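Beneath this line is the structure, given in structure tokens, with notes to follow.
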Amino acid sequence: QVFIKTPGLGRGRYADILVQNKKSGQIINIEVKSGGATRSSAQVAKDNIINSGGGIFGKNAPTDMFGSPLAGTATTNTTTRVTNVGLWEL
């Protein structure tokens with residue numbers, strides 16, 4: 001999990017999975033939900049900050065596919081996707 005700071009909305013948010021689109025370079029924050037779980041209103045609000053470029057990747061963020069560190073950088077060109085998986089798939 002990668003920590004993403006969300007200024008103005010508490011501590012921040014942990015991304016379950018981060019991937020990067022090879023063609024566009026866009027970073028995708030994948031939120032995994034299972035067993036009928038849904039995002040809380042706080043998670044949605046934090047995801048909106050991340051998606052608008054207002055989040056900041058935490059110290060434990062990896063480098064991007066070009067070798068540039070994400071830690072301490074804004075979440076520009078980042079979007080959030082939610083994927084639902086069955087409990088048997090985890």
Side-chain angles (χ1 to χ4, degrees):
Q1 291 184 324
V2 174
F3 187 73
I4 303 173
K5 299 173 189 174
T6 53
L9 271 178
R11 287 190 52 239
R13 177 122 163 74
Y14 283 96
D16 290 329
I17 301 168
L18 282 183
V19 296
Q20 190 167 20
N21 183 300
K22 202 172 191 175
K23 291 182 182 178
S24 69
Q26 183 178 52
I27 295 179
I28 304 163
N29 165 28
I30 300 174
E31 173 67 13
V32 178
K33 293 294 184 188
S34 64
T38 59
R39 291 183 296 167
S40 69
S41 58
Q43 286 176 318
V44 171
K46 289 176 182 186
D47 289 343
N48 288 337
I49 288 176
I50 292 166
N51 296 344
S52 71
I56 301 167
F57 288 105
K59 291 187 252 180
N60 68 337
T63 58
D64 67 13
M65 66 184 183
F66 306 108
S68 300
L70 291 174
T73 65
T75 57
T76 53
N77 200 27
T78 302
T79 190
T80 301
R81 301 267 195 270
V82 179
T83 186
N84 294 294
V85 298
L87 289 173
W88 62 92
E89 296 179 86
L90 295 176

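Throughout, numbering of the chain's residues begins at 1 and tracks the sequence. As the structure is a prediction and not an experimental result, all values here were calculated from the model.
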With rounding to the nearest 0.5 angstrom, report the CD to OG1 distance, Glu31 to Thr83. 10.0 Å
Where is the tightest heavy-atom contact between Asn21 and Met65, given as atom of each residue plus distance? O-CE, 3.5 Å
Going by atom type alone, with no hydrogens or angles, which donor-acceptor pairs under 3.5 Å involve a side-chain atom of residues 4-11 and a protein atom two or more places apart or on another chain?
{"from": "Thr6", "atom 1": "OG1", "to": "Leu9", "atom 2": "O", "distance (Å)": "3.2"}

Residue pair Asn29 / Asp16: nearest heavy atoms and the distance that separates them: OD1-N, 4.3 Å
Is there side-chain contact between Leu70 and Val2, with heavy atoms separated by less than 4.5 Å? no
From Asn51 CG over to Thr78 OG1, what is the distance, rounded to the nearest 0.5 angstrom? 8.0 Å
Tell me whether Val82 shares a hydrophobic cluster with Ile50, the cluster being built from Ile, Leu, Val, Met, Phe, Trp, Tyr side chains joined at under 4.5 Å. no
Once you round to the nearest 0.5 Å, how far does CG of Asn77 lie from CD of Gln26? 5.0 Å
Which residue pairs pass the ring pair (Phe, Tyr, Trp, His ring centres under 6.0 Å) test with at least one member in residues 4-28, sequence neighbours excluded? Phe3-Tyr14
Taking every heavy atom of Gly54 against every heavy atom of Thr75, the minimum-distance pair comes out as N-OG1, 3.7 Å
Ring pair (Phe, Tyr, Trp, His ring centres under 6.0 Å) partners of residues 35-77, not counting sequence neighbours, each pair once: none
Considering all heavy atoms of both residues, which atom of Ile49 and which atom of Ser52 are nearest to each other, and what is their separation? O-OG, 2.9 Å
How long is the span from the CD atom in Gln43 to the CG atom in Asn48, to the nearest 0.5 Å? 12.0 Å
Heavy-atom pair of closest approach, residues Gly53 and Ala74: O-CB, 3.7 Å
Looking at every non-hydrogen atom in both residues, tell me the closest pair between Thr80 and Arg39 and how far apart they are. CG2-NH1, 4.3 Å
